[in-house]
Each structure stands twice: as C-alpha cells, then as structure tokens.
Amino acid sequence: MAAGDGDVKLGTLGSGSESSSDGSSESPGGAGAAAEGGGWAAAVLALLTGGGEMLLNVALVALVLLGAYRLWVRWGRRGLGSGAGAGEESPAASLPRMKKRDFSLEQLRQYDGSRTPRILLAVNGKVFDVTKGSKFYGPAGPYGIFAGRDASRGLATFCLDKDALRDEYDDLSDLNAVQMESVREWEMQFKEKYDYVGRLLKPGEEPSEYTDEEDTKDHNI
C-alpha cells in the first residue's frame, strides 16, 4: 500500500512540474507548486529510506534467529549424546566396566535397562555402554526407546518413534548422504562420553576374541 501511494504521488508531482514549466496562468504559482512538490519528494524519499532500514532490521533478526536455532540443534544433540549422562550418579553407574565383546541384535536387546541395570545401545555398528546415562536411556527415560537397540536410524532421522527402529539387522543402505553423516557425528559424540564395548554383528558374522591387552588398551575406540 505504501509503495502504491508513493507511485501516485510521484505521478502527481510530474503533472505539477509540467504545468509550471509551461508558464501557464492556470498554475496558481510556480514557486509554490515546486515547494509542495519538493515536500512530497522528501516524504517519498524518507518512506523509501525507512523501508530499507526496516528490511535490514528484519534481515538481522532473521540471522539472529537462525544462529539461535543452529545453537539449539547443536547443543540439543550434545545433550542427547555426549552430555546426556554428565554428573549422573546412580547404582547402575557404579557397575564394573564391561569387558569388550561383540553382540548380535538378540544379545544387545538383553541390555535395555529392564532385565539388567546395564544399558547398551549401538550406533553405526558400534556398541556403547550408556549405563551412566540411565536417567535418559533407562526404561522411563526420554530416550529409553534406544536402549538395547541399534539407535542409528532413529538418530539419523532424529525420530524417537519405535517405528524408526528395525527389529532385524539394519545396514542403513537406504539413508542419504546427509543422514549417514549425521550417524557418524552421533558415533563420535558417544565415543567421547561412553565406553565402547564391542561391535554389532551382522547376521552370520562371528564375534571377535579380545585379549586382555585389547580390552584395556583403548576402551574408547
């Protein structure tokens, strides 16, 4: 509406100017018309300048909101992954460190926090002990759906619905490049916080035999 009004006023200014330049007596005074036209021009210029500042302010607000959203996503992920069990103290967290071993899906499901205090989950083919984050990954926790399961697909799609997880071995072959990159990022975050205890076995794959040296050498591969 403002732009439309401006166009009308600019057209009116053009007509007045032509009348003045003709020197016609129909124009009641060339100087007065010019002064009035200058006032309208100044008003239009102020309107356009103000509109530019408004657009700039809107753009700055949008950038601030985008930055805040990105920070929320980043730190929200850290809260779900690497920071979820920070400062957590519970009887389950005092369990002895689990010796390194490999797990089939069936074996992994035994460690869902309901059958045993220990809680495991898999990300990108690696199994992590998240027992010290039992407040989050235990049966009553907000991310308990991942306990005893391969959480890769749910983390890749950021979906906490049971339908996001598969009962059979999931090779993740249908995930796109962005989702696979997200899975790898989650894997790194879990490595930073939780103990790596072994691999998630593919169907028919034999478990590895870990020596005591391999078990203690690097529990956070």
Side-chain angles (χ1 to χ4, degrees), residues 66-90 92-103 105 107-113 116-166 169-202 208 210 214-221:
L66 178 60
Y69 171 75
R70 288 180 173 176
L71 285 174
W72 178 82
V73 171
R74 180 175 180 179
W75 290 106
R77 285 186 166 194
R78 290 181 65 86
L80 176 58
S82 62
E88 194 85 13
E89 291 295 338
S90 68
S94 64
L95 290 173
R97 181 174 62 80
M98 191 175 198
K99 289 183 66 67
K100 191 177 293 183
R101 51 166 290 195
D102 297 335
F103 300 82
L105 277 176
Q107 292 169 332
L108 181 63
R109 289 189 186 117
Q110 298 174 14
Y111 297 92
D112 61 0
T116 172
R118 196 179 298 277
I119 305 172
L120 307 180
L121 61 80
V123 181
N124 201 24
K126 295 180 175 61
V127 179
F128 297 94
D129 186 343
V130 297
T131 304
K132 63 181 179 180
S134 59
K135 179 179 179 180
F136 296 88
Y137 299 101
Y143 314 121
I145 188 69
F146 295 147
R149 306 292 297 272
D150 180 1
S152 303
R153 182 173 295 273
L155 293 172
T157 58
F158 208 71
C159 179
L160 301 180
D161 193 341
K162 187 176 181 180
D163 293 338
L165 307 179
R166 296 185 176 178
Y169 182 83
D170 190 356
D171 61 8
L172 308 176
S173 59
D174 62 320
L175 296 184
N176 60 40
V178 174
Q179 291 170 331
M180 282 304 304
E181 179 61 25
S182 179
V183 171
R184 286 187 284 270
E185 289 178 359
W186 279 111
E187 177 189 342
M188 294 302 297
Q189 290 190 37
F190 276 91
K191 282 180 181 179
E192 292 175 2
K193 178 61 184 179
Y194 299 109
D195 281 344
Y196 164 75
V197 294
R199 297 179 299 124
L200 180 63
L201 298 172
K202 300 176 182 178
S208 301
Y210 296 100
E214 289 173 325
D215 181 52
T216 57
K217 181 180 179 181
D218 188 1
H219 217 63
N220 284 318
I221 288 181

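This chain uses plain numbering: 1 for the first residue, then up along the sequence. All of these numbers come straight from a predicted model, not from anything done at the bench. Hydrogens, waters and symmetry mates are skipped; everything else that's a heavy atom, side chains included, is used.
Atom CD of Glu185 sits about 10.0 Å away from atom CE of Met188, to the nearest 0.5 Å. Put simply, CD1 on Ile145 and CG on Leu121 are 12.0 Å apart, with the number rounded to the nearest 0.5 Å. The distance from atom CG of Asp174 to atom CZ of Arg153, rounded to the nearest 0.5 Å, is 4.0 Å. In this structure, CG on Asn124 lies 10.0 Å from CG on Leu200, to the nearest 0.5 angstrom. The CE atom of Met98 sits 5.5 Å away from the CZ atom of Arg118 when rounded to the nearest 0.5 Å. We find the OG1-OH distance between Thr131 and Tyr194 to be 9.5 Å, quoted to the nearest 0.5 Å.
Residues Arg149 and Arg109 form a side-chain contact, since some pair of their non-hydrogen atoms from C-beta on lies under 4.5 Å apart. Proximity of Asp170 to Ser152: side-chain heavy atoms (C-beta onward) are nowhere separated by under 4.5 Å. Side-chain contact between Asp150 and Leu165 is absent, with no heavy-atom pair separated by less than 4.5 Å. Between Leu155 and Phe190, some side-chain heavy-atom pair lies under the 4.5 Å cut-off. Counting heavy atoms from C-beta outward, Asp129 and Tyr111 have side chains that stay 4.5 Å or more apart. Residues Leu172 and Met180 form a side-chain contact, since some pair of their non-hydrogen atoms from C-beta on lies under 4.5 Å apart.
Between Phe146 and Tyr143, the ring planes are parallel. Angles under 30° get that label, and only those over 60° would be called perpendicular. Phe158 and Trp186 have parallel rings, their planes meeting at less than 30° on a 0 to 90° scale where 60° marks the start of perpendicular.
Between the side chain of Gln179 and the backbone N or O of Asn176 there is at least one donor-acceptor pair closer than 3.5 Å. When atom types are taken as modelled, the side chain of Lys132 and the backbone of Lys193 share a donor-acceptor pair closer than 3.5 angstrom.
Ionic pairing of Glu181 and Arg184 is present here: one or more N-O contacts between side-chain nitrogen and carboxylate oxygen are shorter than 4.0 angstrom.
Here the shortest heavy-atom pairing between Gln107 and Asp102 reads OE1-O, 3.8 Å. A pairwise comparison of heavy atoms in Tyr210 and Arg199 identifies OH-NE, 4.0 Å as the closest pair. Between Leu175 and Ala156 the shortest heavy-atom distance is CD1-CB, 3.9 Å. Of all non-hydrogen atoms in Pro142 and Lys135, the two that sit nearest each other are CD-O, 3.7 Å. Looking at every heavy atom in both residues, Val183 comes nearest to Val123 through O-CG1, 3.9 Å.
No cation-pi contact links Arg166 to Tyr169, judged by a cut-off of 6.0 Å to the six-membered ring centre and 45° from its axis.
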